[in-house]
Amino acid sequence: MSLTNFWPAYGGLTQYAEWAGVGGGDPWKGEPQNRFFNSGPAQSRFKAYIQKLLNRTNQYRNLQYKNDPTILAWSIANEPRVKGEKDSNTLDRWIRDTSDFVRSQDSNHLITVDTEGFFTSDISGFRVGDLNPGLLMEGCNFLTNAAHPNIDFACCHIYHDLWNIESQNKKGLNPWTTMWLDAHLKACQDVLRKPLVLSEFSHTEVGTGDEKYDARRQYLQHVYGWLEKHMKNDNWVAGSCVWMICEKYYRERYDSEKRFIAIDGDGKDGLQEIISHVQAFNDSRSLHAEQ
């Protein structure tokens with residue numbers, strides 16, 4: 001469960017900045033969000049919300065959220081960035097402080113931070129130009145963002161069509177995707193020693209008519225093939241979340257980027273690939289349990 005969002009959808013960091021009197025500017029350029037990270041009043045408001053939420057009692061289960069086993073984990077933020085920073089010092093300081101606070105409130109659940117997975121330096125066998133698409137330099141560093149003691153597993157995203165990826169254009173989409181995933185897996189195995197979750201990825205509709213979902217389905221098959229291979233052979237890859245599944249009603253009204261997959265459709269928009277992957281995931285976990 002995500003505790004807040006870098007982007008202004010649903011309020012996110014921008015709203016906390018506004019409440020703390022440090023708002024203003026363009027949230028799509030990260031202006032109020034940058035002030036959020038350095039505002040004591042904004043941090044206090046955010047922590048008050050976290051404390052209230054984790055200690056809230058679910059009226060249907062009569063359990064406080066911090067004691068509810070149906071919650072897998074707390075993600076302290078979705079896609080946090082610090083615009084314009086070339087190192088990760090600000091974001092690392094905030095991740096450590098916030099994850100420590102969540103742990104002080106909840107000793108039961110896993111904690112993560114839902115970063116996109118950018119790097120600020122090369123790692124063995126991989127160039128930073130491939131690992132920080134378009135050299136965004138957004139104050140993120142996968143190796144340090146996920147290294148904090150109370151971050152239990154690492155997250156990365158794939159939005160190949162939104163990132164300016166020179167290497168993708170040279171390598172091709174599927175080879176670049178494999179490289180991106182291999183790099184994050186290697187970082188988790190060799191440096192972080194933590195599981196990896198591909199917590200967001202997607203592919204837009206391409207073209208029109210009956211063929212508009214073909215590229216998405218092929219891409220899902222490629223990504224899921226990589227995931228299933230590693231879920232079968234080792235314990236470092238823990239799972240994935242596609243962006244996103246919804247009802248057709250919601251897709252028809254809000255899917256401006258043409259990414260949504262209908263839960264109540266015919267399955268041809270990528271849902272069948274998701275169902276097949278879930279079955280493969282369950283089979284791989286059953287195999288590990290038997291071994």
Nearest-0.5 Å distance, [atom1] of residue [X] to [atom2] of residue [Y]:
X	Y	atom1	atom2	result
Y213	D266	OH	CG	8.0 Å
R216	I261	CZ	CD1	5.0 Å
N108	W74	CG	CH2	10.5 Å
C156	D114	SG	CG	9.5 Å
H203	D161	NE2	CG	7.0 Å
L143	T120	CG	OG1	7.5 Å

(message) Here's one to test your reading of the geometry: is the NZ or CZ of R217 within 45 degrees of the ring axis of Y219 and under 6.0 Å from its centre?
(response)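 No - R217 does not lie over the ring of Y219 by the 6.0 Å and 45° rule.
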Given 3.5 Å as the limit, does a donor-acceptor pair link the side chain of [X] with the main chain of [Y], or not?
X	Y	answer
H184	W180	yes
R45	P41	yes
S104	F101	yes
S88	L91	no
E247	I263	no
R103	H109	yes
E79	F6	no

Are any of the side-chain heavy atoms of [X] and [Y] separated by less than 4.5 Å?
X	Y	answer
Q105	N55	yes
L13	N5	no
W226	D182	yes
L271	I275	yes

Are [X] and [Y] linked, directly or through other ILVMFWY residues, by side chains that come within less than 4.5 angstrom of each other?
X	Y	value
L162	F260	yes
W19	V22	no
V237	Y224	yes
L181	W236	yes
Y250	V242	yes

Between [Y] and [X], do the side chains contain a donor N or O and an acceptor N or O under 3.5 Å apart?
X	Y	answer
Q15	Y10	no
D92	N141	no
W94	Q43	yes

(request) Give the intermediate values and the outcome of salt bridge (charged side-chain N to carboxylate O under 4.0 Å, His left out) for residues K194 and D152. (result) CA-CA 7 Å; K194 296 180 180 183; D152 296 305; over 6 Å; no
Got more than 12 heavy atoms from elsewhere within 6.0 Å of [atom1], [X]?
X	atom1	result
K66	NZ	yes
Y49	OH	yes
D264	CG	yes
Q221	CD	yes

(message) I want to know whether F201 and H157 have ring centres closer than 6.0 Å.
(response)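 Centroid distance F201-H157: not below 6.0 Å, so no.
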(message) side chain to side chain donor-acceptor pair (under 3.5 Å) for Y65 and R56? Distances and angles first, verdict last.
(response) CA-CA 6 Å; Y65 284 15; R56 184 182 187 275; 3.0 Å; yes
(request) Applying side chain to side chain donor-acceptor pair (under 3.5 Å), run through T90 and E85 and close with a yes or a no. (result) CA-CA 8 Å; T90 297; E85 288 209 0; 2.8 Å; yes
(message) Tell me whether E138 is salt-bridged to K83, with the criterion being a basic N under 4.0 Å from an acidic carboxylate O.
(response)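 Salt bridge between E138 and K83, a charged N being under 4.0 Å from a carboxylate O: yes.
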(request) Answer yes when D269 and R251 have at least one side-chain N-carboxylate O distance shorter than 4.0 Å, and no when they do not. (result)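 Looking at D269 and R251, the cut-off is met.
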(message) With side chain to side chain contact (heavy atoms under 4.5 Å, CB included) as the test, pick out the partner of N150 among D100, L110, I95.
(response)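 The option that passes is D100.
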(request) Indicate the ring-plane relationship of H277 and F281, choosing parallel, tilted or perpendicular according to the 30° and 60° boundaries. (result)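 H277 and F281: tilted rings.
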(request) Go through E205 and R259 one step at a time and tell me if the salt bridge (charged side-chain N to carboxylate O under 4.0 Å, His left out) criterion holds. (result) CA-CA 7 Å; E205 298 174 14; R259 298 182 187 278; over 6 Å; no
